[in-house]
Amino acid sequence: MTKKADLETLRHSASHIMAQAVVELFPGVKLGIGPSIENGFYYDFDMPEQITSEDLPKIEKKMKEIIKSNAKFEKIEMTKEEAAQFLEEREEKYKIEILHEIPDKMVTFYKHGDFIDLCRGPHVRYTKEIKAFKLLSIAGAYWHGIETNPMMQRIYGTAWASKEDLDNYLTSLEEAKKRDHRKLGKELDLFSMHEEAGAGFVYYHPKGAMVRYLIEDFMRQENLKRGYEMVAIPHIAKIDLWNTSGHTNYYRENMYFMQIDEQDYVVKPMNCPGHILIYKRKLMSYRDLPVRMFEFGTVYRYEKSGVLHGLLRVRGFTQDDAHIFCRLDQLEEEIVSVLEFIDFVMKTFKFEYEVNLSTRPEKFAGTEENWDKATEILKKALKHKKMPFEIDPGAGVFYGPKIDIKLKDALGRTWQGPTVQVDFNLPQRFALNYTAADGTKQTPVMVHRAVLGSLERFLGALIEHYAGAFPLWLAPVQAKVLPISDRHNNYAEKVAAELRQAGIRVEVDQRKEKIGAKIRDAQLEKIPYMLIVGDNEADAGQVAVRHRSEGDLGAEKTAELLAKLRRDIDSKA
RNA sequence: GCCGCUGUAGCUCAACGGUAGAGCAACUGAUUUGUAAUCAGUAGGUUGGAGGUUCAAAUCCUCUCGGCGGCUCCA
């Protein structure tokens, strides 16, 4: 028996029971859809009155009554005509719409107690089998997810096979809440957003900026090691550039426009056209390829106000962006080495990941033939790297297919991360070329790739992944020296200076507080090492080492500690 | 953008038509302290902004700017 399918059945049945409860409590409700989803279920209702979270306990109570009544789930078959008539009588207009979309002649309804709903099933046999559920939230949702359709009221719930599973899930929700990067970002003084400066724009505080700098520095080194060259480009360019690239056609709704000297300019939403101009500065030979350009490129994209979310969805962000210009015969190898790079970086940050291959969308540039060719090469590269992947049909960008990688964090949640995109289109639009061995002009292929994606989003994911307790190499403050009393301040400064000299990021807590308070505050700041110094340490030239998670580690010479820190930092443990 | 909720001191929250309050943080003083909060005092707010209703608005209404949960979209 497959446990997953059982849970889906259970959750779907729970959604039916919720629908019954809602119908009974709120007359005049029209039913939308009520599927099971990851970890739970929802049901969409079109109803005359607005429900609030205060109604949830009432609905839950009604559901419990229904469950207790232990009604049997019965399957009822009807022809489409019978079903249509049945639904017409009940004026279930959304259900009628669904009915019309079903190709089969016969359709099924499921009935329990007085409640009957058009449904494919399957369901549990009796309502009593729903042993552990909880309603979680209410939200608006367009019918069929289309903006011009009516807004339904959606109720989300969760259901599990046992009370224990439910409690575990609720606990993990709590844990996720504690790790929320917006909360930790404030508590750890990493970044902020400002109403007066605009939504979706991030201000990095010294500590947040330090983490970002450390990530950038690491990535800079790794890119250089792999044959990328650094470039830098302006943030605005005349609209002509974006007409040539096609962005004014395909990406218009995400772009910011401005005027300078009566000329139209665009704030860059992508870095590729800039890198292309650099490619075009001189004649390229086949011997020059591949050309790999890398930069931390800041881009600005208009996003609907309702979708902005902490660091994960913003209007201005910086990508660790690179463009590889190569010959077609070099493409697969380049993709393979990018995949290798990605794997290395993800391991460094201790992320697991999943791979998706996104194919041609409806709105696309270039020829179908080129799209197919590119998609094949991506597939081959993935197979070569033995990376399991799933195909996401129609999810490619307008200029080419892409490999998207989803990170899995410490709680098993997924985050959009690295992306690799093949592009036959831009090289043509910009008439890029190189001189082949036979002297003819050939068009290069372009690969867009970002390993971290956006630094903002990646930092958000990292904060939640580590719950704010950055590993030593990324910690904005790696050690804090805590003098027992203020007569130890001098020695504390001496220790700090010695560590700082060796490149350790260290602070001294000279406040007139008891050692317990200093430790508590350092713990809350999630600083990896607390170095306590009093008479004993000052006399012996030592520090009493306390680690944020391992506790008291005893006293040792500053030089010994330093060597240990160095080792951990270098290995990025 | 749309639906719902929400915005009070640096932070976390209270006051729910009748003169805006607490804890923490900050500042001052005392304490000189050994592994997660020493004590006392001081200062701090045109209640996000603009209009309106009312004798009276943090509280009710309208608009606006943010935030939160979704829809949709994406790095």
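Only a predicted model underlies this, so the values are computations on that prediction, with no experimental measurement involved. Because only heavy atoms are used, hydrogens play no part in the values below, and waters and symmetry mates are left out as well, while side chains stay in. Here is the naming used below: chain letters follow the sequence lines, and residue numbers restart at 1 for every chain.
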Give one of base, sugar-phosphate or nothing for A/Ala450, where a contact means two heavy atoms less than 4.0 Å apart.
nothing
Does the ring center of A/Phe458 lie less than 6.0 Å from the ring center of A/Phe349?
yes
Is A/Asn223 reaching over with its side chain to a backbone N or O of A/Met219, donor-acceptor style, under 3.5 angstrom?
yes
With a 3.5 angstrom cut-off on both distances, give the Watson-Crick or G-U wobble partner of B/A9, or none if there isn't one.
none
Taking the six-membered ring for Trp, are A/Phe341 and A/Tyr228 parallel (under 30°), tilted (30 to 60°) or perpendicular (over 60°)?
tilted
When A/Asp320, A/Val231, A/Asn271 are each screened for side-chain contact (heavy atoms from CB on, under 4.5 Å) with A/Phe294, the one that passes is A/Asp320
Using both distances under 3.5 Å as the test, list the Watson-Crick or G-U wobble partner of B/A56, or none.
none
Span that lies between the P atom of B/C60 and that of B/C73, in whole angstrom
36 Å
Are any of the side-chain heavy atoms of A/Glu525 and A/Lys480 separated by less than 4.5 Å?
yes
Please check the phosphate of B/U12 (OP1 and OP2 only) for any side-chain N or O of A/Lys183 closer than 4.0 Å.
no
Letter per nucleotide, 5' to 3', of nucleotides 68-75 of chain B [B base touched, S only sugar-phosphate touched, - untouched; heavy atoms, 4.0 Å]:
SBBBBBBB
Please tell me which of A/Met152 and A/Lys186 maps to the more 5' nucleotide of RNA chain B, matching each residue to the nucleotide holding its nearest heavy atom.
A/Met152
Determine the Euclidean distance between corresponding P atoms of B/A58 and B/A15; express it in Å to zero decimal places.
15 Å
Can you check the A/Asn149 CG to B/C3 P distance for me, whole Å?
14 Å
Tell me whether A/Arg212 forms a cation-pi arrangement with A/Phe191, defined as NZ or CZ under 6.0 Å from the six-membered ring centre and within 45 degrees of its axis.
no
Determine which nucleotide pairs with B/U47, using a 3.5 Å limit on both distances of a Watson-Crick or G-U wobble pair.
none
So, for A/Asp404 and A/Ser358, which heavy atoms are closest and what is the spacing to 0.1 Å?
OD2-OG, 3.9 Å
Scanning all shown strands, the Watson-Crick or wobble mate of B/A26 with both distances under 3.5 Å is B/U42
Between A/Arg11 and A/Phe41, is NZ or CZ placed under 6.0 angstrom from the six-membered ring centre and within 45° of the ring axis?
no
Take nucleotides 25-35 of chain B nucleotide by nucleotide from the 5' end and write B, S or -, depending on whether a protein heavy atom sits under 4.0 Å from the base, only from the sugar-phosphate, or from neither.
------BBBBB
For B/G4, give its Watson-Crick or G-U wobble partner with both distances under 3.5 Å, or none.
B/C68
Which atom names give the shortest non-hydrogen contact between A/Ser15 and A/Gly34, and what distance separates them?
OG-O, 2.7 Å
Could you tell me how the ring of A/Tyr302 sits relative to the ring of A/Tyr256: parallel (under 30°), tilted (30 to 60°) or perpendicular (over 60°)?
perpendicular
Complement of B/A75, any strand, by Watson-Crick or G-U distances under 3.5 angstrom
none
Rounded to whole angstrom, note down the C1' distance from B/A14 over to B/U59.
13 Å
Look at the aromatic rings of A/His323 and A/Phe325 and report parallel, tilted or perpendicular, splitting at 30° and 60°.
tilted
Sticking with atom C1', work out how far B/U53 lies from B/C39, rounded to a whole angstrom.
50 Å
A/Glu525 atom CD is separated from B/A36 atom C1', nearest whole Å, by 13 Å
Given the C1' atoms of B/G49 and B/U19, what is the spacing between them in whole Å?
24 Å
I'd like the P distance from B/G70 over to B/U38, given in whole Å.
39 Å
When we call it a touch if two heavy atoms are under 4.0 Å apart, what does A/Phe201 touch: a base, just sugar-phosphate, or nothing?
nothing
With both distances under 3.5 angstrom, what nucleotide forms a Watson-Crick or G-U wobble pair with B/U31?
none
Which whole number of Å gives the distance between the P atom of B/C24 and that of B/A20?
23 Å
Separation between the C1' atoms of B/C11 and B/A25, rounded to whole Å:
7 Å
